[in-house]
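Chain A is the first sequence line, chain B the second, and so forth, proteins listed ahead of strands; every chain is numbered from 1. Computed from a predicted model, the values in this text were never measured in an experiment.
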Amino acid sequence: MKHKYLDNQAFSQHIIRWYRDNPRDLPWRETQNPYHIWLSEIILQQTRVAQGMPYYYKFVEAYPELKNLALAPEEEVLRLWQGLGYYSRARNLHFCAKQIWFELDGKFPESYAELLKLKGVGSYTASAISSFAFGEAQAVVDGNVFRVLARIFGIESDIATGKAKKEFEALANELIPKDNPAEFNQAMMDFGSRQCVPKNPDCENCPLKRNCFAFNNDLVQKLPVKINKTKVKERQIHYHVLTCGNDWVWKKRKSGDIWEGLFDFPSREGADESLDDALAQLNPEKINSEGKEYRHLLSHQKLNVRFSEWKLPTSSYAKLQKICEEQDFALVAEEEIERLAKPKLIVNYLKDQGI
DNA sequence: AAGCCGGGGAC
DNA sequence: GTCCCAGGCTT
């Protein structure tokens with residue numbers, strides 16, 4: 001693709017020059033260890049650097065080498081991931097660590113094509129690891145790169161479509177200097193996150209303003225084009241918080257819904273009364289009949305949540321055990337609760353309970 | 001192609 | 001409230 005303001009080489013030189021004056025100081029840039037870089041890239045998927053940073057430190061400390069992660073129990077990995085969201089990332093991370101350790105002889109994949117085969121590694125992440133750890137000239141295209149290229153080159157394609165993704169990847173791969181791919185990739189992302197920001201960028205002080213199509217055509221606020229259809233669904237969840245002596249009743253969430261693999265409480269949505277029937281057998285004492293109300297906002301769902309708390313007599317313990325077995329509930333002593341990986345909503349609830 | 005998957009920060 | 005974040009998988 002030709003550009004009326006800028007040729008490919010001039011563009012990459014401008015971007016890299018800017019980057020050398022304005023680099024972000026990020027810990028995963030100080031290493032070429034592919035395992036650490038992979039860890040950082042998975043953590044940073046759809047996640048701001050500031051939000052992911054503490055998790056990167058936690059994981060590197062808990063699992064300094066791939067072997068440590070491969071040999072860790074999944075429950076522990078999910079517990080470390082607690083609060084970061086998109087929990088499939090953590091399950092895939094653990095799956096891949098085991099796969100690399102046990103099936104690939106502990107040898108981390110070294111090429112874009114091989115990296116792309118890993119669960120949870122798509123074109124962005126494969127490009128990032130292959131360029132940063134192995135010097136391969138594969139251009140990353142993340143949200144920052146979409147924005148920078150759309151504005152500088154005046155591309156009006158809807159970045160939500162697969163066609164546009166291919167278009168941007170082709171352009172980025174044309175622009176990336178083969179002798180310095182890693183620095184170019186870092187530069188593009190830093191430029192997007194610090195200079196060419198989504199809202200109200202400081203274009204007057206941008207070194208590329210003379211060469212920016214969007215700036216010169218008053219399109220900065222319009223580009224990149226993204227047809228967004230985020231439908232937010234409302235949802236009512238009624239949790240039953242059951243305790244018997246020192247034990248709490250928990251439920252590990254199944255696939256096909258949010259928070260797969262994480263622990264919350266037995267719950268019902270809608271008119272299902274089966275849980276209430278089982279509960280009636282246990283002679284519960286209601287702690288509160290109305291239940292505590294919580295509102296929890298997620299990207300795609302608004303959750304209206306009620307917690308009803310029940311205290312069961314210890315004389316019902318045997319019956320409770322039987323029900324837990326039938327219903328696939330877990331009985332967990334209070335001091336073990338901290339080890340369970342829980343959705344943020346449940347963490348907040350427990351905090352209010354002083355747990 | 002569209003839907004789904006979390007949580008948080010900026011505005 | 002809306003939009004976006006160092007995206008990827010499933011249907």
Problem set entry | Candidates A:K254, A:K251, A:R253 - the one meeting salt bridge (Lys or Arg N to Asp or Glu O under 4.0 Å) with A:D264 |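 The passing option is A:R253.
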Exercise. Should A:Y112 and A:S123 be marked as a side chain to side chain contact (heavy atoms under 4.5 Å, CB included) after you check the CA-CA gap, both sets of side-chain angles, and the distance that decides it?
Worked result: CA-CA 8 Å; A:Y112 175 83; A:S123 59; 3.5 Å; yes
Exercise. For DNA chain C, whose closest nucleotide is more 5', that of A:V121 or that of A:D142?
Worked result: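 This one resolves to A:D142.
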For this session: Hey, which sits more toward the 5' end of DNA chain C by its nearest nucleotide, A:D190 or A:G120?
Result: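 The 5'-side residue here is A:D190.
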On the nucleotide [N], are OP1 or OP2 found under 4.0 Å from the side-chain N or O atoms that [X] carries?
| X | N | value |
| --- | --- | --- |
| A:R147 | C:dC5 | yes |
| A:H296 | B:dG7 | yes |
| A:W259 | B:dG7 | yes |
| A:Y86 | B:dC4 | no |
| A:K231 | B:dA2 | no |
| A:K199 | C:dT2 | no |
| A:T125 | C:dG8 | yes |

Base, sugar-phosphate alone, or nothing: which one does [X] contact when heavy atoms must sit under 4.0 Å apart?
| X | answer |
| --- | --- |
| A:L84 | base |
| A:I42 | nothing |
| A:K302 | nothing |
| A:W28 | base |
| A:S88 | nothing |
| A:S40 | nothing |

Problem set entry | Comparing A:N348 and A:Q301 on DNA chain B - which has the more 5′ nearest nucleotide |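 Nearer the 5' end of the strand: A:Q301.
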Exercise. Between A:P343 and A:K233, which is nearer to the 5' end of DNA chain B once each is assigned its nearest nucleotide?
Worked result: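 So the residue in question is A:K233.
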Exercise. Considering only B:dG8, C:dG8, B:dC5, which nucleotide approaches the side chain of A:K165 most closely?
Worked result: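 Nearest to the side-chain atoms of A:K165, counting from C-beta on, is C:dG8.
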For this session: Would you kindly check if the NZ (Lys) or CZ (Arg) of A:K98 is within the cone defined by 45 degrees around the ring axis of A:F102 and under 6.0 Å from the six-membered ring centre?
Result: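 No; the conditions do not both hold, so A:K98 does not lie above the ring face of A:F102.
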Exercise. Between the base of C:dG8 and the side chain of A:Q45, is there a donor-acceptor distance below 3.5 Å?
Worked result: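 When only heavy-atom distances are counted, A:Q45 does not reach the base of C:dG8 through any donor-acceptor pair under 3.5 Å.
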